[in-house]
Amino acid sequence: MKADKMEKLVAEVIEKLEKLKLTELASELSWCWVSYQNDQNPVGVIAKAGQALAAFKEAREKNVKAVAKKLVEDLEKALA
């Protein structure tokens, strides 16, 4: 995980998850991000961001305009 890229993206990802009515995943990612900032252990952030990425791809399959392609690509790069 690229922490600098994730730091720029995490708020946008959480906001988009909430718009997609995935509030539980949004709150879990938020919690994992705060935890990561405290202990520098990225396991939770990587897992939840991966779930968010899968949710975004699924939403794009149903409606291309549901999630911006750039957000999906940026999240993939941050997780790489």
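Just so you know, these numbers come straight off a predicted model, no measurement behind them.
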Can you confirm whether [X] sits close enough to [Y] that some side-chain heavy atom of one is under 4.5 Å from a side-chain heavy atom of the other?
| X | Y | result |
| --- | --- | --- |
| Val13 | Leu53 | no |
| Trp33 | Met6 | yes |
| Val67 | Leu20 | yes |

Count the heavy atoms of every other residue, nucleotide or ligand shown that sit under 6.0 Å from [atom1] of [X], and state whether that count exceeds 12.
| X | atom1 | value |
| --- | --- | --- |
| Glu24 | CD | no |
| Lys69 | NZ | no |
| Glu18 | CD | yes |

Quick one: does any side-chain atom of [X] pair with a main-chain N or O of [Y] as donor and acceptor, under 3.5 Å?
| X | Y | answer |
| --- | --- | --- |
| Ser27 | Thr23 | yes |
| Asn63 | Ala59 | no |
| Lys19 | Ile14 | no |

Separation of [Y] [atom2] from [X] [atom1] (nearest 0.5 Å):
| X | Y | atom1 | atom2 | result |
| --- | --- | --- | --- | --- |
| Lys16 | Leu71 | NZ | CG | 7.5 Å |
| Tyr36 | Glu7 | OH | CD | 8.5 Å |
| Lys70 | Glu73 | NZ | CD | 8.0 Å |
| Gln40 | Ser35 | CD | OG | 10.0 Å |
| Asp4 | Leu9 | CG | CG | 10.0 Å |
| Ser30 | Leu25 | OG | CG | 11.0 Å |

With a 3.5 Å cut-off and sequence neighbours excluded, list the donor-acceptor pairs that the side chains of residues 41-49 form with protein atoms.
unit_1, atom_1, unit_2, atom_2, d
Asn41, OD1, Val43, N, 3.2
Lys48, NZ, Glu28, OE1, 2.9

For Lys5 and Ala78, which heavy atoms make the closest approach, and how far apart are they?
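Heavy-atom minimum between the residues: CB-CB, 3.9 Å.
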Between Lys57 and Glu76, does any side-chain N to carboxylate O distance fall below 4.0 Å?
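The answer is yes: the pair qualifies as a salt bridge.
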